[in-house]
Amino acid sequence: MTGGPSLPLASDALVLFGVTGDLAYKKIFPALQAMAKRGTLGFPVVGVARSGWVRDQLVERARASVTEYGGLDPSAFAILESQLRYVEGDYHDPDTFRRIRVELQHAQRPTFYLAIPPSVFPAIVQRLADCGCSKGARVVVEKPFGRSLESARALNQLLLRTFPEESIFRIDHYLGKEAVQNILYFRFANAFLDPIWNRRYVENVQMTMAEDFGVVGRGKLYEETGVIRDVIQNHLLQVVSYLAMEAPSSTYAEAIHDEQAKVLRTIRPLTTENLVSGQYRGYRDEPDVAPDSQVPTYAAIRLYVDSWRWEGVPFIVRAGKRLKMTCTEVRVEFKTPPPVVFHEPAPPEGNYVRFRLSPQVAIALGARVKSPGEAMVGEPIELKLVDGPEQGTGGQMDAYERLLGDAMAGDATLFARQDVVEAAWAIVDPLIRTPQPVHAYEPGSWGPGDADRFVSGIGGWNAPE
Ligand code: NDP
């Protein structure tokens with residue numbers, strides 16, 4: 001983005017650790033093919049794994065990936081294929097890194113993408129430092145950034161021993177979503193919002209991230225994660241920071257990150273009375289899930305931002321699996337006007353701004369207008385300002401293509417900075433340290449009824465449609 005110092009030099013090679021894995025298959029190969037199609041894949045891609053493959057197997061894996069996720073584009077794939085290299089080896093063996101160096105040829109500023117389980121990060125980062133590969137390089141790490149505040153700090157210290165902060169790109173793909181960036185744009189590009197975006201006019205803010213599917217065979221991973229670590233600490237608190245932050249001085253990365261960190265630090269650490277955890281019936285029968293698992297597949301939390309702007313306004317965030325539908329939506333609901341002019345029943349909902357983040361993209365304003373007829377009574381209407389298909393369709397960049405391109409270019413705006421990550425962990429850390437009993441809920445519902453207490457005085461949940 002703009003408004004700060006010019007960008008550093010672009011990376012001249014990409015090294016993909018964990019190239020045989022799920023993330024590479026679902027997200028990274030399709031993003032690389034899209035870059036090839038757009039003419040921006042002008043660098044070698046070195047895949048690294050322990051699997052004992054040969055390069056041809058890697059090419060076939062890449063082909064299967066793009067075919068399944070987005071479709072094979074023969075000429076773009078030919079470019080990707082011509083750039084693909086493969087190094088096989090153990091991450092504890094210095095020889096693996098010598099061979100990576102050979103494959104990198106003359107590259108001076110490689111980007112190392114750690115698409116591997118976090119337990120392997122220390123070995124790789126240390127070997128990169130030992131072999132001199134980290135000089136001038138960038139590193140991309142995937143969420144989750146740690147499992148708690150303490151482990152996030154330890155991970156940051158580990159990375160910072162080898163890479164300066166400006167060379168560390170922590171991917172939270174939510175920040176690469178067009179719809180999430182539009183929250184920031186919409187808030188600060190529209191004068192009419194500014195006077196009302198505060199505790200005097202906003203009644204509550206609700207966010208729902210619902211999935212109608214369960215853990216789809218990844219029970220082992222989910223047992224170690226749970227919904228708070230999986231999506232709330234990262235994606236949803238990043239969105240809360242965009243909704244609640246003060247205006248940044250520009251779109252320069254540091255300016256935005258400064259405001260995100262400031263607002264997250266003003267959110268009270270969560271207490272158990274502001275959490276309801278749930279688990280869908282049937283979760284314990286999933287493969288690799290403990291028969292007495294207490295891991296939450298649903299959580300509703302009530303946050304308070306202790307700032308001049310937001311004092312007293314509840315931010316209610318819920319996320320879960322096997323819910324009624326798949327969608328992510330934010331609703332900022334305004335206070336209702338005093339009921340002194342019109343003699344009609346109090347409307348069930350006030351004015352609102354609605355941001356649909358997925359699967360479709362929408363921004364809408366909710367208002368009331370008079371119903372035709374003699375009586376002075378009204379009805380709700382919604383004015384849609386944005387109403388579009390999901391990102392990644394119709395030639396739009398998918399979030400991973402955007403983020404990969406930005407990391408290669410050295411633009412950190414849409415990545416998570418160390419202090420922002422740690423401030424988000426500080427909010428949920430008390431809940432993670434003292435896990436709560438989970439309330440069972442029916443698949444296909446909106447989660448456990450116990451969570452209704454967060455919205456009982458404010459007109460109930462704003463259920464997405
Ligand atoms: P996988 O479990 O698929 O592992 C990726 C690769 O890492 C494997 O193919 C394997 O390759 C290698 N690997 C696994 N265990 C070890 C080990 N102990 N030592 C060395 N190498 C190992 O992970 P994902 O691809 O799902 O995820 C990669 C990273 O991205 C993780 O940090 C994850 O949290 C994160 N992430 C993943 C998402 C997804 O959709 N999958 C979404 C968001 C984040 P080989 O044995 O061939 O070397």
Side-chain angles (χ1 to χ4, degrees), residues 14-32 46-55 57-58 60-62 64-65 68-70 86-93 96-97 99-100 111-128 139-148 151-152 155-156 158-159 168-177 209 211 213-236 238 287-288 319 321 326 358 392 398-401 403-404 407 414-416 421:
L14 175 67
V15 179
L16 199 49
F17 292 100
V19 74
T20 54
D22 185 68
L23 183 75
Y25 188 78
K26 283 190 195 149
K27 299 290 184 186
I28 303 176
F29 288 128
L32 290 171
V46 182
V48 189
R50 309 166 302 174
S51 283
W53 287 9
V54 292
R55 183 180 170 277
Q57 278 169 288
L58 180 61
E60 285 322 301
R61 173 87 173 166
S65 148
E68 189 172 345
Y69 292 93
Y86 178 63
V87 171
E88 187 240 317
D90 188 285
Y91 298 136
H92 296 280
D93 180 0
T96 306
F97 292 81
R99 281 181 287 117
I100 293 172
T111 287
F112 296 104
Y113 196 134
L114 307 188
I116 39 156
S119 57
V120 199
F121 290 179
I124 293 188
V125 171
Q126 188 56 53
R127 295 279 174 236
L128 289 174
V139 65
V140 177
V141 284
E142 272 288 343
K143 68 121 196 172
F145 315 115
R147 292 182 46 76
S148 62
S151 60
L155 173 59
N156 281 327
L158 170 89
L159 294 168
I168 302 172
F169 290 75
R170 299 174 191 82
I171 284 205
D172 183 328
H173 79 272
Y174 250 59
L175 296 178
K177 279 181 178 282
M209 181 183 186
E211 291 169 332
F213 49 88
V215 291
V216 282
R218 294 175 70 83
K220 187 164 184 285
L221 185 73
Y222 206 80
E223 280 283 276
E224 291 165 18
T225 317
V227 66
I228 296 178
R229 289 192 178 98
D230 191 32
V231 295
I232 294 183
Q233 181 275 336
N234 34 67
H235 304 329
L236 299 190
Q238 293 282 348
D288 302 321
K321 291 193 171 290
T326 295
S358 73
D398 165 76
Y400 263 86
E401 184 194 351
L403 292 172
L404 199 48
L414 302 180
F415 294 81
V421 170

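As the structure lists them, so they are numbered: ligands from 1, and atoms in each ligand from 1.
Residue S119 has no nitrogen or oxygen atom sitting less than 3.5 Å from a nitrogen or oxygen atom of ligand 1, judged on distance alone. Taking only nitrogen or oxygen atoms, main chain and side chain alike, R218 reaches within less than 3.5 Å of ligand 1. Of the N or O atoms in I116, one or more lie within a sub-3.5 Å distance of an N or O in ligand 1. The shortest N or O to N or O distance between S51 and ligand 1 is under 3.5 Å. Looking at ligand 1, you'll find an N or O of L23 within less than 3.5 Å of one of its N or O atoms. In terms of N/O distances under 3.5 Å, ligand 1 is not approached by L114.
Under the 4.0 angstrom criterion, atom 2 (O) of ligand 1 counts as lacking any protein heavy-atom contact. Counting only heavy atoms, the protein never gets under 4.0 Å from atom 23 (O) of ligand 1.
Between D288 and R218 there is no salt bridge, since none of the side-chain N atoms of the basic residue sits less than 4.0 Å from a carboxylate O of the acidic one.
Contacts of E142 with ligand 1, taken as heavy-atom pairs under 4.0 Å, involve the side chain alone. Neither the backbone nor the side chain of Y25 has a heavy atom within less than 4.0 Å of ligand 1. Contacts between D22 and ligand 1, counted as non-hydrogen atom pairs separated by less than 4.0 Å, involve both the backbone and the side chain.
Closest protein heavy atom to atom 19 (N) of ligand 1: R50 NH1, 3.2 Å. Among all non-hydrogen protein atoms, the one lying nearest atom 8 (C) of ligand 1 is T20 OG1, 3.8 Å.
Using 4.0 Å as the threshold, A123 has no heavy atom nearer than that to any atom of ligand 1.
Side-chain atoms of T96 come within 3.5 Å of backbone N or O of D90 as a donor-acceptor pair.
Tested against F17 for a side chain to side chain contact (heavy atoms under 4.5 Å, CB included), the candidates V140, V139, V87, I124 yield a single pass: I124.
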